[in-house]
Amino acid sequence: MDYPFRDLEARARKRWDEERLFELRDPMAPARRFYCLNMFPYPSGDLHVGHGRNYILGDAIARLKMMQGYAVLAPMGWDAFGLPAENAAIANRIHPSVWTKRNVARMKDQLQAWGAAFDWNRELSSCDPEYYRWTQWIFLKLHERGLAYRAKGAVNWCPSCQTVLANEQVVDGACERCGTPVESRDLEQWYFKITAYAEPLLRDLDHLQHWPEKVRLMQANWIGRSEGATIRFPVPGDADPIEVFTTRPDTLLGATFLALAAEHPFVTGLRERGALSAGAEAFVDRLKRARVENRFAVETEKEGFDTGVTVTHPLTGKPLPVWIANYVLMGYGTGAIMAVPGHDQRDFEFATKHGLPIVEVIRPEGEPGFDGAAAYEGEGRLVNSGGFDGLPSEAGRRAITEALHAKGAGESRVNYRLRDWLISRQRYWGAPIPMIRCDRCGIVPVPEKDLPVLLPDQVEFKPTGESPLLSNEEFLRVDCPKCGAAARRETDTMDTFVDSSWYFLRFLNPRLETAPFESDAVNRWLPVNQYIGGVEHAILHLLYSRFIVKVLRDLGLVSFPEPFERLFTQGMITKDGAKMSKSKGNVVPPDALIQRYGADTVRLYTLFIGPPEKDAEWNDRGVEGAYRFLTKYWRLITDVAALQSDRGGADAAGPWAESGPARDLRRRVHQLTHQICDDMDRFHLNTAVSGLMQIVNAVQDYQAAGGDMNAAEVWEAADYATRLLGPLAPHTAEGAWARLGHAESVVKAPWPAPSAEALESPTKKLVVQVNGKLRSEITVPADADQDAIRKAALSDERVARMVEGKTVAKVIIVPGRLVNVVAR
RNA sequence: GCGAGAGUGGCGGAACUGGCAGACGCGCGGGACUUAGGAUCCCGUGGGGAAACUCGUGGGGGUUCGACUCCCCCCUCUCGCACCA
């Protein structure tokens with residue numbers, strides 16, 4: 001074997017280990033810091049090459065920063081609570097903690113097989129009591145601030161996972177995890193009041209300049225800010241009016257009915273009082289069911305049912321009928337709308353179908369407005385609006401809102417699509433919510449000194465979906481911390497996204513026993529300089545983490561408003577055109593490839609496969625290309641090291657040839673170095689790999705052309721290539737660096753920089769175009785002036801031929817690039 | 001429907017602010033060395049053409065000396081949101 005990757009890997013790992021090169025000893029000491037973080041994984045068992053992309057990228061950046069002289073924090077941990085462990089417990093009678101530990105061990109082996117430079121001393125696991133103790137502590141802090149509360153309401157229920165889900169975990173009406181259609185249930189649950197931070201979460205997106213535009217946009221849409229007004233419509237004989245939210249108060253005089261969601265409390269109230277007709281009741285039930293079944297329907301027919309109740313128009317005093325409609329969602333605004341069929345297409349379709357009146361109240365200037373065939377949704381001047389007639393929409397909105405305000409019937413309002421974060425789960429394998437229910441005192445927080453509320457080992461796993469915690473009497477029974485009476489523990493556990501919303505703070509001191517994190521160290525190292533993970537977390541994890549950090553900031557525990565300075569979302573690796581999954585059978589495991597070609601080959605190919613932010617198709621054949629390159633590179637290093645053994649690790653410093661092949665080689669190496677450094681800084685690791693290949697090819701071409709392999713330029717090429725390869729193929733580079741006579745690890749070698757002197761050239765090659773088409777090429781002295789270049793171009797044989805019989809209108813010279821001769 | 005992104009050889013992909021289209025790699029063709037090669041090395045490789053040359057970055061128009069890149073219209077695909085009041 002001419003490229004001894006097994007030996008290289010073993011030696012490099014041993015060295016990194018012995019010299020503890022990736023351990024950050026004293027976080028407060030270094031001046032230049034770089035916190036490079038990969039999203040910590042859920043320990044599901046096996047990793048495939050798609051996961052590898054994430055870690056290889058992060059590792060390349062971490063190692064680059066080390067070589068650039070930064071103290072690097074690159075920790076790793078486990079997002080270890082979650083449903084799969086519990087499902088395994090039910091299916092295979094294995095305890096979730098055992099299952100999780102086994103998977104962690106397996107995945108840690110895999111990560112190490114890739115050669116990732118993690119500081120394993122800082123490893124943490126969210127299912128460890130020493131960790132979740134602080135997750136519970138954070139819950140208590142939120143509770144103290146009124147940001148954690150219990151409420152009853154319609155929630156998303158997954159009948160398969162037998163638990164509730166946050167809005168963010170419902171995708172296309174189905175459970176994000178298992179794909180089962182989600183049901184709506186009325187339950188009392190714990191929420192985090194993320195809506196209280198809607199405005200800062202939205203506004204601060206502007207400061208996240210180093211986040212992908214796409215992710216910022218997704219978050220902005222998810223928060224969904226819109227300006228408008230709330231309007232109350234009094235219900236005769238009822239104390240509470242029906243409140244609606246609208247972005248178009250200017251159309252208020254065109255409202256001809258109200259439409260309510262089936263789940264609206266007013267509807268429920270009518271039903272409880274028996275004031276709803278049998279037909280209406282049946283309709284409500286049908287809607288609730290249909291919402292589940294028709295989850296993929298793009299446009300459903302507008303259906304509705306008249307409640308028989310009327311409300312009073314707050315400005316005209318006229319009665320308006322109240323309908324239940326399938327197109328009104330309980331989850332947005334107030335769950336009730338004022339319907340303006342003249343100016344809202346949905347209302348129009350509904351009114352047309354059910355014979356409700358349609359009134360035009362907005363008329364545009366100079367273009368056709370409401371024509372009776374469809375709603376006019378644009379702006380214009382108010383008509384049929386009494387005293388408001390003639391006002392433009394904008395002024396109309398203000399005037400009508402003011403009129404409502406004067407009557408106490410409404411006010412302007414900013415509405416968000418964002419809902420509060422439902423965090424309780426009726427499952428076992430999560431952090432217990434640190435609350436106690438006392439018959440006398442109500443719901444009482446567990447005192448901080450009693451944390452953690454330990455998850456008991458002895459529980460029964462039943463496939464019924466009942467929380468296993470209910471089966472452990474010892475866990476349940478507790479004395480009320482307030483009155484001392486016998487009380488009961490909360491049996492719900494927290495959504496695992498709570499665990500992962502603060503773990504990046506814990507890494508600075510993962511064993512700290514007195515607090516979740518050390519504020520000093522955290523303030524010094526955060527925000528995370530580079531965060532790397534999949535775009536699938538664009539909303540959930542990243543929004544929750546931003547929220548928790550903002551709360552911690554308001555608590556005075558951290559000094560920064562945002563957790564992640566730069567975010568990079570890497571693309572998926574597909575196989576046979578599809579996302580890798582066990583069920584599709586298209587998973588590419590890294591183990592056999594690493595066995596056969598070595599970790600560096602797999603790393604290099606993974607980086608080379610395409611721009612890291614884009615999806616890419618895995619091709620086993622492509623791996624061989626990377627292997628061939630490393631073989632060539634290794635041969636070059638061993639040849640050069642043998643030939644020039646007397647250099648003994650000396651910094652390449654010439655003497656340099658002033659001209660000829662060696663000079664050209666040196667210029668080329670420095671050009672490529674320039675390109676590679678640039679690429680690395682911009683995350684273009686695919687072209688960085690390509691640049692390295694070109695350096696090796698350049699030396700090979702030089703040799704093939706009879707160049708002297710003893711030249712200092714060749715030594716320099718080997719030296720530069722090795723350092724540039726350090727972050728990408730670290731084991732091979734480590735071995736090569738030693739071969740080149742260096743005593744220190746390549747991790748400690750300075751990152752190379754091209755020298756201006758080496759890039760200089762006495763002549764310049766210019767491309768010559770005639771009328772914009774490439775025709776020839778000239779070589780001129782580097783200091784040639786415009787006139788000389790012009791002369792050289794025009795006297796070129798081919799150019800002369802093309803121009804023959806025409807007049808040269810002008811000659812455009814782009815310095816250092818090209819000449820374009822315009823001839824007519 | 002709304003929003004965002006992307007369409008370049010047989011394939012993955014290059015081309016930073018308009019300036020040599022197809023870097024680099026895979027595959028393929030030819031050759032060398034070999035008992036042998038799925039190892040290694042060398043040469044070639046967008047289409048058409050013997051060549052001069054010509055056509056080529058989803059399609060159509062435009063701006064420009066010059067357009068993969070900028071502008072307008074259209075087509076296709078991917079992703080996100082989706083009756084958001």
Side-chain angles (χ1 to χ4, degrees), chain A residues 2 171-173 212-222 224-226 228 244-248 251 259 261 296-302 325-329 331-340 343-347 349-350 377 415-418 535-536 538-539 571-572 604-605 608-611 613-626 628-629 631-632 635 675 678-679 682 684 686-694 696-697 700 704 765-777 801 809-824:
Chain A
D2 41 11
V171 178
D172 287 335
E213 181 65 36
K214 180 190 164 98
V215 174
R216 287 190 290 163
L217 208 81
M218 280 167 74
Q219 292 213 355
N221 289 340
W222 188 263
R225 182 184 199 273
S226 54
V244 305
F245 172 74
T246 178
T247 53
R248 292 296 299 270
T251 64
F296 294 120
V298 177
E299 285 275 315
T300 49
E301 188 68 12
K302 302 280 177 293
N326 67 343
Y327 70 98
V328 182
L329 308 172
Y332 184 80
T334 63
I337 61 161
M338 65 173 205
V340 184
H343 303 286
D344 181 289
Q345 187 57 24
R346 295 157 302 179
D347 298 343
E349 285 166 23
F350 190 88
E377 296 188 322
N415 188 58
Y416 297 92
R417 202 185 84 109
L418 184 69
V535 75
E536 66 271 18
I539 296 172
M572 225 181 5
L604 225 45
Y605 175 64
F608 186 62
I609 194 167
E613 70 280 6
K614 285 215 240 159
D615 290 352
E617 170 76 13
W618 185 267
N619 176 0
D620 283 335
R621 277 277 172 74
V623 178
E624 296 193 27
R628 279 202 275 264
F629 163 69
T631 305
K632 271 204 285 192
R635 195 176 308 139
Q675 180 223 304
D678 216 49
D679 286 344
R682 290 184 303 154
H684 292 194
N686 54 327
T687 49
V689 174
S690 151
L692 251 338
M693 290 172 167
Q694 289 174 74
V696 173
N697 290 348
Q700 229 169 35
K765 204 187 78 180
L766 292 178
V767 158
V768 186
Q769 297 180 334
V770 177
N771 292 333
K773 285 187 180 165
L774 175 67
R775 295 301 178 188
S776 192
E777 213 176 84
R801 185 148 45 85
K810 60 176 154 174
V811 178
I812 290 150
I813 296 168
V814 183
R817 284 191 183 271
L818 61 61
V819 182
N820 188 13
V821 179
V822 185
R824 289 197 191 87

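Any value given below was found using the heavy atoms of this structure, including those in side chains, with hydrogens, waters and symmetry copies removed. The chains referred to below are lettered A, B, ... by the order of the sequence lines, with proteins before strands, and numbering in each begins at 1. Nothing here was measured: the structure is a model prediction, and the numbers come from that model.
Within the nucleic acid shown, A/K632 comes within 4.0 Å of sugar-phosphate atoms alone, with no base atom in reach, counting heavy atoms only. Here A/N697 lies in heavy-atom contact (under 4.0 Å) with sugar-phosphate atoms only. Within 4.0 Å (heavy atoms only), A/V822 reaches sugar-phosphate atoms of the nucleic acid but no base atom. Residue A/D678 is out of contact with every strand shown, counting any heavy-atom pair closer than 4.0 Å. The residue A/I812 sits close to a base: some heavy atom pair falls under 4.0 Å. Using a 4.0 Å heavy-atom criterion, one finds that A/R621 contacts the sugar-phosphate atoms exclusively. A/R775 comes within contact range of the sugar-phosphate backbone alone, with a heavy-atom separation under 4.0 Å but no base atom that close. In this structure, A/R801 reaches the sugar-phosphate backbone alone: every heavy-atom distance under 4.0 Å involves primed, P, OP1 or OP2 atoms, never a base.
When distances are taken from the side chain of A/V328 to each of B/rC83, B/rA85, B/rC65, the shortest belongs to B/rA85. The listed nucleotides are B/rC84, B/rA14, B/rC16; the one nearest the side chain of A/T687 is B/rA14.
Using a 4.0 Å cut-off, no side-chain N or O of A/R216 falls inside it from OP1 or OP2 of B/rG3. At B/rA85, none of the side-chain N or O atoms of A/R417 fall inside 4.0 Å of OP1 or OP2 (strictly under the cut-off). Using a 4.0 Å cut-off, no side-chain N or O of A/K302 falls inside it from OP1 or OP2 of B/rA85. Look at A/N221 and you won't find any side-chain N or O under 4.0 angstrom from OP1 or OP2 of B/rC2.
The line from OH of A/Y416 to OG of A/S226 is 9.5 Å long, rounded to the nearest 0.5 Å. Here A/L774 contributes atom CG and A/Q769 contributes atom CD; the two are 6.5 Å apart, rounded to the nearest 0.5 Å. Expressed to the nearest 0.5 Å, how far CD of A/Q219 lies from CG of A/L418 amounts to 10.0 Å.
One atom, CG of A/N686, and another, P of B/rG13, lie 9 Å apart when rounded to the nearest Å. With rounding to whole Å, A/K773 atom NZ is found 15 Å from B/rA52 atom P. Regarding A/Q700, its CD atom lies at a distance of 11 Å from the C1' atom of B/rU40, rounded to whole Å. Rounded to whole Å, the distance from CG on A/L818 to C1' on B/rC65 is 10 Å. Counting to the nearest Å, the P atom of B/rC79 and the CD atom of A/E536 are 14 Å from each other. Between A/E613 atom CD and B/rC79 atom C1' the separation is 14 Å, expressed in whole Å.
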Base versus backbone protein contacts along nucleotides 5-12 of chain B [heavy-atom cut-off under 4.0 Å; B, S, -]: -------B

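For the residue pair A/N619 / A/Y605, no side-chain donor-acceptor distance below 3.5 Å is found, with atom types taken as modelled.
Both A/T631 and A/P611 lie near RNA chain B, and the one whose nearest nucleotide falls closer to the 5' end is A/P611. Where A/R635 and A/N771 meet RNA chain B, the nucleotide closest to each residue was compared, and A/R635 sits on the side nearer the 5' end.
Other residues, nucleotides and ligands contribute over 12 non-hydrogen atoms within 6.0 Å of the CZ atom of A/R682.
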When you look at A/Y327 and A/I337, which way does the side chain to side chain contact (heavy atoms under 4.5 Å, CB included) test go after all the steps? CA-CA 10 Å; A/Y327 70 98; A/I337 61 161; 3.8 Å; yes

Report the C-alpha distance between A/V819 and A/I812 in whole Å, list the side-chain angles of each, state the deciding distance to 0.1 Å, and finish with yes or no for side chain to side chain contact (heavy atoms under 4.5 Å, CB included). CA-CA 6 Å; A/V819 182; A/I812 290 150; over 6 Å; no

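Across B/rG48 and B/rC70, the matching P atoms stand 31 Å from one another, rounded to whole Å. Rounded to a whole angstrom, the distance from the P atom of B/rC73 to that of B/rC28 is 45 Å. As rounded to the nearest Å, B/rC83 and B/rG46 have C1' atoms that lie 49 Å from one another. Spacing between B/rA23 and B/rU8 at atom C1', rounded to whole Å, works out to 13 Å.
Of all the heavy atoms in A/N820 and A/G772, the pair that sits closest is OD1-N, 3.0 Å. Minimum heavy-atom separation, A/M338 to A/V244: N-CG1, 3.7 Å.
A cation-pi arrangement, defined by a distance under 6.0 Å to the six-membered ring centre and an angle within 45 degrees of its axis, is absent between A/K302 and A/F350.
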Tell me, what's RNA chain B's dot-bracket, Watson-Crick or G-U with both distances under 3.5 Å, | for other-strand, [ ] crossing? (((((((..(((......[....)))((((((.......))))))(((....)))..(((((..]....))))))))))))....

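Look at A/E349 and A/R346 and you find no salt bridge, because none of the NZ, NE, NH1 or NH2 atoms lies under 4.0 Å from a carboxylate O.
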